[in-house]
Amino acid sequence: MTSRRTFITMATAGLGGAVLPGNSGWARGFQEGGELPAVVSTWNFGMAANEAAWKILGSGGYALDGVEAGARIPEDDPAVISVGYGGLPDDRGKVTLDACIMDEKGNAGAVACLEEIRHAVSVARMVMEKTPHVMLTGRGARDFALSRGFKRENLLTPAAKAAWKRWKKAGAHFKPVINIENEILQNHDTIGILALDRQGRLCGATTTSGMAFKMHGRVGDSPIAGAGLFVDGRIGGAVATGSGELVMKTLGSFLVVELMHKGLSPEEACREAVMRIVSTNPGYRDHQIGYLALKNNGLYGAYSLQPGFDYAVRTPSYNRLLTARSLLG
Ligand code: ASP
């Protein structure tokens, strides 16, 4: 027996903007959840991240502490080759990290192109809480982290170095493919995590080493508030994973939250944001985009362009890995 609530709702707004044929059957939105506290996060490593977040949320703690604790798990795990320590490097063999965090009041902190500091999400939180700024980049971000007591370390593991060398040997050709990580190990992409605590405070975080073998200096969507992550505590939050360039150009996570504000379910809002990208990018089939959203009443949903976008959900009565519905395949 489960107390998990499932909601079927009629969408009330925004569906007229849909751009692809075959959308007419999308009048009904499927929403799941509705319990507090709740935590949702991207990909299969989200299960372990949710577990860490749950230790805080389940005992009445703050959602911001929950998302930070959750995001730190894949940052620590060398087997996760797209986040933190063990992340695949850029074209010069350097591991550069992007992260963002937002609280229920709309405060944001971020780091981009951060090197040699494992817990980018915690540096992002310090940017939010201890500086008058929203984002620090590159050397400035590292100097700030060091000044706050973070440890400097080499994040390039032997396995990631070997993968980079293989890539160089194969011609060093960069293609923003559908989960390049997927081809190497069964791990994926950015962790985006959203949590709603017992007091109804909604917070979110993202952290990633970005696209493998990207150009040195490249920053993706993940550290950009509105692109890889957006939280409006009065409405809900969203996170993105996949081709950051496409997400950035549509401010995808902001769009998802705005669409939920207009009345779409989390899944519908995620789907519309995917459609926005599809409608302006003829080459969309070569990309993956995944959105995951959580409303401030605990309802959640996700949608992706390609099949295979998994996300982890933890509520008082539910602890599972789900697969989002997708446009293709
Ligand atoms: N969105 C990330 C980036 O573009 C990568 C990913 O999630 O796959 O850096």
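Below, all heavy atoms of this structure are taken into account, side chains as well, without hydrogens, waters or symmetry copies. We count ligands from 1, going down the list as the structure has it; atoms in each ligand are counted the same way. In this chain, numbering begins with 1 at the start of the sequence shown.
- Look at Glu245 and you'll find every heavy atom at least 4.0 Å from all atoms of ligand 1.
- Residue pairs that meet the salt bridge (charged side-chain N to carboxylate O under 4.0 Å, His left out) test with at least one member in residues 131-146, sequence neighbours left out, are Glu116-Arg142.
- Which of Leu246, Val239, Asp221 comes nearest to atom 3 (C) of ligand 1 through a heavy atom is settled by distance: it is Asp221.
- The side-chain hydrogen bond (donor to acceptor under 3.5 Å, both in side chains) contacts involving residues 123-134 comprise Asp65-Arg125, Glu68-Arg125, Arg125-Glu129, where partners must be two or more places apart or lie in separate chains.
- Taking a cut-off of under 4.0 Å to the non-hydrogen atoms of Thr241, the atoms of ligand 1 that pass are 6 (C), 7 (O), 8 (O).
- Closest of all the heavy-atom pairs between Phe230 and Met102 is CA-SD, 3.8 Å.
- Atoms of ligand 1 found under 4.0 Å from any heavy atom of Met211 (numbered from 1 in listed order, with element): 9 (O).
- For the pairing with Ile117, the side chain to side chain contact (heavy atoms under 4.5 Å, CB included) check across Leu155, Leu146, Val111 returns one residue only, Leu146.
- A 4.5 Å side-chain heavy-atom check between Phe309 and Tyr291 finds every atom pair outside the cut-off.
- Near Gly210, with a cut-off below 4.0 Å to any heavy atom, the atoms of ligand 1 are 9 (O).
- Residue Gly220 has no N or O atom closer than 3.5 Å to an N or O atom of ligand 1.
- The nearest pair of heavy atoms linking Val231 to Gly204 is CG2-N, 3.7 Å.
- Proximity of His287 to ligand 1, defined as any heavy-atom pair under 4.0 Å, is not found for any part of the residue.
- Considering only non-hydrogen atoms, atom 7 (O) of ligand 1 lies nearest to Thr190 out of Thr190, Thr42, Asp98.
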